[in-house]
Enquirer: 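What follows is a single structure, and I will ask about it in a moment.
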Number of protein chains: 2
Amino acid sequence: MARRAAASKTATMMDIDARRPDTPGATGDESIYRGISAAILEHRLPPGTRLAEDALGEIFGVSRTVVRKALFRLAHDKIVEIRPNRGAAVASPTIGEARDVFDTRRTLERAVIEAACETADRVALEDLRRLTRAEEAAHAEGDRQSVIRHSGDFHLRLAEIAGNAVMGDFLRELISRTALIIALYERAGPAACAAHEHMALIDAIEDGDTAAAVALMDTHLNEIEASLNLDGGEPPVDLRDVFAGVGLATTPRRS
Amino acid sequence: MARRAAASKTATMMDIDARRPDTPGATGDESIYRGISAAILEHRLPPGTRLAEDALGEIFGVSRTVVRKALFRLAHDKIVEIRPNRGAAVASPTIGEARDVFDTRRTLERAVIEAACETADRVALEDLRRLTRAEEAAHAEGDRQSVIRHSGDFHLRLAEIAGNAVMGDFLRELISRTALIIALYERAGPAACAAHEHMALIDAIEDGDTAAAVALMDTHLNEIEASLNLDGGEPPVDLRDVFAGVGLATTPRRS
DNA sequence: TAGTCGAAGATTGTATACAATGAAATTCAA
DNA sequence: TTGAATTTCATTGTATACAATCTTCGACTA
């Protein structure tokens, strides 16, 4: 509840926090990649926000070379869109893309759950419960950013338990894209807390009830999708484009 | 049967054919990306082959900037491995990674087949048959590279028919990695022709027999995996590393 | 002779400079 | 005043130069 000062104002890249090195060991483009990624995933940078190379370089204290590298990585992750000669922007997934992402997530997460039911040991289950408790706590405190992060970590940890790194990588990408989709298509009302669904999932895994676990995961993802504004007409993306750069300084600061 | 002149000699990057622009409209790093990608997928560049930036730049007539961009894209596709400060090389997937790739392919292709059974129309089926006939022809001619390409196109077209672009993108990556895995773990004997399995698959889709189609796809992928050398001890990758740079000129040509 | 330390060479990582492209603003005409 | 064309500016794309790192070759020592 602290840092969102100007909610009605158009967001700029200044919402990226370059000074907090999310991962200390990171080198080269890694820190800027993570910085932008986190900013997008935690809804500090809304879809459509332009990401100018010079400005980012100044913020992160590196040259455009490194910025471009990070930007292209993000583009491959589909959370940044790069149009040749026209720069990068936070991606604005369409409704169709959103549906495809959820479909693919259901497909992969079903497989993950099935595997996890066989591979999960006591330590894994305890770790999942720890993550879910953290998610509950964040929800109770109204810390939306932490909720997003912990929820993603839960699903990622599940994939890790399942023991398939390829699925894990794909799922990481899908979870990122889901966060972006939620930012775009979230309904006005406050999102329901999904943590108790995670808890039920853990119980089913512990019981070795694969069918129940799969069903719970399906329901979980369906409810998330159903909570979004995916039926409606044109996507908000066009509106954003239309109103882009209204009260927005092109460069955040001119030294 | 024409171009493989020196089979026993260590492959170098000269096997990349830079002059044939696989896609004429390609611009910037796209052509070099496709060039290297095709060379790897068609087994002209075996796993472990070093990919020096300067040499590639000279071959393709661009600066290292563009080469690096292409290389990092390939690294994200997992068909090139980049170790910091130590350069890029054609990736050498481990046995475990190979298993994960096949598992994930089975998961995704099952979903693709299920969807395709509902969405495939007459045109789509005819297109699939055309691709499979081309695959058969290439197999008959002993053109392994075309077989690989056509087989991949078949699975990709299937994903396209299924209508989920996200799954399609993932599958494209998995198909690429599969080609690399086959290059590494292929048994000595000549691979069986998979084209007739593709034909059976098409028939099942046409009949609307989803269960049969899914089963056929499962069998198909299982047979490919079973035809590989995935049980054994240490992967050939280490051997390659050991013998790397034995009779191999560091730079292909020094003008 | 084998092993280790050190220096030279080669290769990658990053920054900067220039070229090309797209966006915006000003001018001119209707 | 509105519209279009041209000029101007900003931003991206590419090449090159320099710095950092790793590898390799050679000399020296035990």
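Labels below follow one simple rule: chain letters A, B, ... track the order of the sequence lines, proteins then strands, and each chain is numbered from 1.
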Enquirer: Can you tell which of C:dT14, D:dA15, D:dG13 lies closest to the side chain of A:Glu53?
Expert: D:dG13
Enquirer: Grab the CZ-C1' distance between A:Arg50 and D:dT12 for me, whole Å please.
Expert: 10 Å
Enquirer: Nearest-Å distance, CG (B:Asp54) to P (C:dG13)?
Expert: 12 Å
Enquirer: B:Ser63 has a side chain; which of D:dT16, C:dG13, C:dT12 sits nearest to it?
Expert: D:dT16
Enquirer: Just N and O in the side chain of B:Arg83: are any of them under 4.0 Å from OP1 or OP2 of C:dT11?
Expert: no
Enquirer: Near DNA chain C, under 4.0 Å by heavy atom, which residues of residues 66-81 of chain B?
Expert: B:Arg68
Enquirer: Show the nearest heavy-atom pair for residues B:Ala179 and B:Ile148, with the distance to one decimal.
Expert: CB-CG2, 4.4 Å
Enquirer: Assign each of A:Gly87 and B:Gly61 to its nearest nucleotide of DNA chain D by heavy atoms, then name whichever residue's nucleotide is nearer the 5' end.
Expert: A:Gly87
Enquirer: Please state how far atom CZ in A:Arg64 lies from atom P in D:dT12, giving the value in whole angstrom units.
Expert: 7 Å
Enquirer: Would you call A:Arg172 and A:Glu160 a salt bridge, taking side-chain N to carboxylate O under 4.0 Å as the test?
Expert: no
Enquirer: Rounded to whole Å, how long is the line connecting atom CG of B:Asn85 with atom P of D:dT23?
Expert: 9 Å
Enquirer: Using 30° and 60° as the class boundaries, would you call the ring planes of A:His76 and B:His76 parallel, tilted or perpendicular?
Expert: perpendicular
Enquirer: Please list all pairs meeting salt bridge (Lys or Arg N to Asp or Glu O under 4.0 Å) that have one or both residues in residues 146-155 of chain A, counting only residues at least two apart or in different chains.
Expert: A:Glu42-A:Arg149
Enquirer: Nearest whole Å is fine: how far is D:dT11 P from A:Leu51 CG?
Expert: 13 Å
Enquirer: Could you tell me whether the phosphate oxygens of D:dT14, OP1 or OP2, come under 4.0 Å of any side-chain nitrogen or oxygen in B:Thr65?
Expert: no
Enquirer: Separation of A:Ile32 atom CD1 from C:dT14 atom P, in whole Å?
Expert: 11 Å
Enquirer: What integer distance in Å separates A:Ile82:CD1 from D:dG13:P?
Expert: 7 Å
Enquirer: Using 4.0 Å as the upper bound for N to carboxylate O, is an ion pair formed by B:Arg86 and B:Glu81?
Expert: no
Enquirer: For B:Ala111, check side-chain contact (heavy atoms from CB on, under 4.5 Å) against everything at least two apart and list the hits.
Expert: A:Thr107, B:Met167
Enquirer: How many whole angstroms separate atom CD of A:Glu58 from atom C1' of C:dT14?
Expert: 17 Å
Enquirer: Hey, what do you get for CG (A:Leu180) to CD1 (A:Ile40), rounding to the nearest 0.5 Å?
Expert: 6.5 Å
Enquirer: Return the nearest nucleotide to the side chain of A:Arg86; candidates are D:dT21, C:dG22, D:dA15.
Expert: C:dG22
